[in-house]
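Values reported hereafter were calculated over all heavy atoms of this structure, with side chains retained and with hydrogens, waters and symmetry mates removed. In what follows, chains carry the letters A, B, and so on, assigned in the order in which the sequence lines appear, proteins first and then strands, with residues in each chain numbered from 1.
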Amino acid sequence: MSLYERIYLLAEQIPPGVVTTYGDLARIVGGGCDARTVGEAMNAIPKDRAQSVPWQRVINAQGGISTRGLVQRQLLEAEGVVFNQRDRTDLRRFGWAGPSPEWCAAHGFIPLPPRDDASAEQLSLF
DNA sequence: CGTATGACCATGC
DNA sequence: GGCATGGCCATAC
């Protein structure tokens with residue numbers, strides 16, 4: 001299984017109405033995978049996976065959209081994700097906690113460390 | 001194999 | 001908060 005396929009398998013676990021970041025997916029994949037690589041993978045989703053990979057739920061660490069145009073934002077808003085006046089979403093509210101530890105263990109992924117209140121407090125976007 | 005490229009990110013003004 | 005840098009790493013040529 002190629003690296004990109006692992007990234008797609010992981011991205012398919014993101015439920016509707018939440019978002020995650022390139023960097024978080026990279027950390028869950030592990031093995032030196034980094035945020036740019038996840039971005040590359042999202043840019044290269046094969047046709048047969050286009051319907052199963054929720055690429056729109058992957059955004060940057062600032063809570064913003066990295067793609068051009070309005071498509072991604074509109075898809076997210078249709079799922080209930082709210083953006084503020086500076087085109088950012090609150091990752092504390094809409095950020096995905098990652099797959100369950102059981103799922104990670106079953107597929108060889110690394111669970112995302114829980115975000116503590118201290119690190120989550122720095123952004124009061126709303 | 002070296003080089004360039006990019007849906008990125010942490011850091012330091 | 002914005003902006004510039006350097007680092008990161010898989011692909012494509």
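- Legend: residues meeting side chain to side chain contact (heavy atoms under 4.5 Å, CB included) with A/V81, ordered by chain and number and at least two apart, are A/V19, A/L76, A/F83, A/T89, A/F94.
- Contacts of A/F109 classified as ring pair (Phe, Tyr, Trp, His ring centres under 6.0 Å), with partners at least two apart in sequence or in another chain: A/W103.
- Between A/D87 atom CG and C/dG2 atom C1' the separation is 15 Å, expressed in whole Å.
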Using a 3.5 Å cut-off and no angle test, enumerate the donor-acceptor pairs between side-chain atoms of residues 44-55 of chain A and protein atoms at least two apart in sequence or in another chain.
unit_1, atom_1, unit_2, atom_2, d
A/R49, NH1, A/E12, OE2, 3.0
A/S52, OG, A/E12, OE2, 2.8
A/S52, OG, A/R49, O, 3.2

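- C/dC8 atom C1' lies 14 Å from atom CG of A/L3, rounded to whole Å.
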ask   = What is the per-nucleotide protein-contact pattern of nucleotides 1-13 of chain B, from the 5' end, where B denotes a base atom under 4.0 Å from a protein heavy atom, S denotes such proximity for sugar-phosphate atoms only, and - denotes neither?
value = -----BBBS----
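- Applying the salt bridge (charged side-chain N to carboxylate O under 4.0 Å, His left out) test to every pair with at least one member in residues 69-79 of chain A, sequence neighbours left out, gives these pairs: A/R57-A/E79, A/R73-A/E77, A/R73-A/D87.
- Qualifying side chain to side chain contact (heavy atoms under 4.5 Å, CB included) partners for A/D24, counting only residues two or more places apart in sequence or in other chains: A/T20, A/T21, A/R27, A/L112.
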